There are 2 protein chains.
Amino acid sequence: MQKQNFLTKNQQIVLDLVEKSSQPLKAYSILFNVQKKGLKAPLQVYRALDKLVEIGKIHKIESRNAFVACKNSNCVVSNATAFSICESCEKVTEINNSKLSKYLSNFEDNSGMKYNKYNLEFFGLCKKCKNK
Amino acid sequence: MQKQNFLTKNQQIVLDLVEKSSQPLKAYSILFNVQKKGLKAPLQVYRALDKLVEIGKIHKIESRNAFVACKNSNCVVSNATAFSICESCEKVTEINNSKLSKYLSNFEDNSGMKYNKYNLEFFGLCKKCKNK
DNA sequence: TTACACAATGTTATAATATAACAAATTATT
DNA sequence: AATAATTTGTTATATTATAACATTGTGTAA
């Protein structure tokens, strides 16, 4: 059997939900929302999430244990991700800045380690929350 | 009462343990190790960890849910952190690179958002693991 | 076209991570 | 000493995530 190059039913259900959401979704919130579609157990959701992250369709916001759809067509795989996170309203935006990604992808320190992946999370107050 | 500017007993116990460790420690591993010192409940550990993170004595490796002592004297508070993580042996090193931190601290995108904090995690294979 | 290999799914149970709520003890200032 | 605030202790529980294994689906090749 070939390696799958399409989405399975569960993956599609989870992806559809995450893509419709304007903010990051938690795994158990996803579970709750897809129960009407037949996904009853956490593992069904986590397995779909794992695969979707692996192929770059969604990203995990590590500091929030939450998931967002990829808004960056360059993210074929999730190996170079950057987000801005509002510490007040928790709004998350994927940063798509070629200078930044170039800078980080080429970054080397004195450890002799070559990085094949990074994740960057910026925190602050979004425009709306700053003006409150 | 003044805001505390020293470590409490529990905080000191937890910090001592984390500082002695060469790799990141998980909260429940910390709990297990400090039980002989009298910290019996998860909350006692989590409260100490929260405070230690807040004042920059330790950092949380978000992708691993683990904690490391700060190796960077500049980290008065944990508002600008970068780590390299080996995906094979899980060795974590704090990156202390002034060009990088300057670049990221001054980073602005078109969202108009001003960031007061960031966390960056690089992934790859460390020297040892690369040569296996 | 059926047997096979393997991927994906379903299911139950449980592990691992983290916080809520509240009572008690400690400590600094009045 | 009275007080106010912080820290601690304690029980219970919420949240996040995975182990283990049985079952079903699907592409490939005999």
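Per chain, numbering begins at 1; letters A, B, ... match sequence-line order. What you are looking at is a predicted structure, and each value in this text was computed from that prediction instead of being measured. Computation of the quantities below employed the complete heavy-atom set of this structure, encompassing side-chain atoms and omitting hydrogens, waters and symmetry-equivalent molecules.
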Rounded to whole Å, please give me the gap between [atom1] in [X] and [atom2] in [N].
{"X": "B:E62", "N": "C:dA18", "atom1": "CD", "atom2": "P", "answer": "9 Å"}
{"X": "B:L25", "N": "C:dA18", "atom1": "CG", "atom2": "P", "answer": "13 Å"}
{"X": "A:L7", "N": "C:dA7", "atom1": "CG", "atom2": "C1'", "answer": "15 Å"}
{"X": "B:I30", "N": "C:dA18", "atom1": "CD1", "atom2": "P", "answer": "10 Å"}
{"X": "A:Q44", "N": "D:dT23", "atom1": "CD", "atom2": "P", "answer": "16 Å"}
{"X": "B:R64", "N": "C:dT17", "atom1": "CZ", "atom2": "C1'", "answer": "16 Å"}
{"X": "B:L49", "N": "D:dT7", "atom1": "CG", "atom2": "P", "answer": "15 Å"}
{"X": "B:R47", "N": "D:dT6", "atom1": "CZ", "atom2": "P", "answer": "14 Å"}

From C-beta outward on [X], which listed nucleotide comes closest to its side chain: [options]?
{"X": "A:N65", "options": "D:dT10, D:dA17, D:dT7", "result": "D:dA17"}
{"X": "A:P42", "options": "D:dT8, D:dT10, D:dA17", "result": "D:dA17"}
{"X": "B:T8", "options": "C:dA18, D:dA20, D:dT8", "result": "D:dT8"}
{"X": "B:A41", "options": "C:dT11, D:dT10, C:dG10", "result": "D:dT10"}
{"X": "B:K40", "options": "D:dT10, C:dG10, D:dT16", "result": "D:dT10"}
{"X": "A:A27", "options": "C:dG10, D:dT10, D:dA17", "result": "D:dA17"}

Can you confirm whether A:K40 is buried at NZ, in the sense that more than 12 heavy atoms of other residues, nucleotides or ligands lie under 6.0 Å from that atom? no
Kindly check if the number of other-residue, nucleotide or ligand heavy atoms within 6.0 Å of NZ (A:K37) is above 12? no
Assert: residue with more 5' nearest nucleotide on DNA chain D, out of B:N10 and A:D50, is B:N10
Heavy-atom nearest nucleotide on DNA chain C for B:L43 versus B:Y46: which residue maps closer to 5'? B:Y46
Would you kindly check whether a donor in the side chain of B:Y28 faces an acceptor in the base of C:dA15, or vice versa, at under 3.5 angstrom? no
Is the distance from the ring center of B:Y103 to that of A:Y103 below 6.0 Å? yes
Centres of the B:Y115 and A:F123 rings: under 6.0 Å? no
Would B:N10 and B:T8 count as having a side-chain donor-acceptor pair, cut-off 3.5 Å? no
Hey, is the side chain of B:K26 poking within less than 4.0 Å of OP1 or OP2 on C:dA16, counting only N and O atoms? no
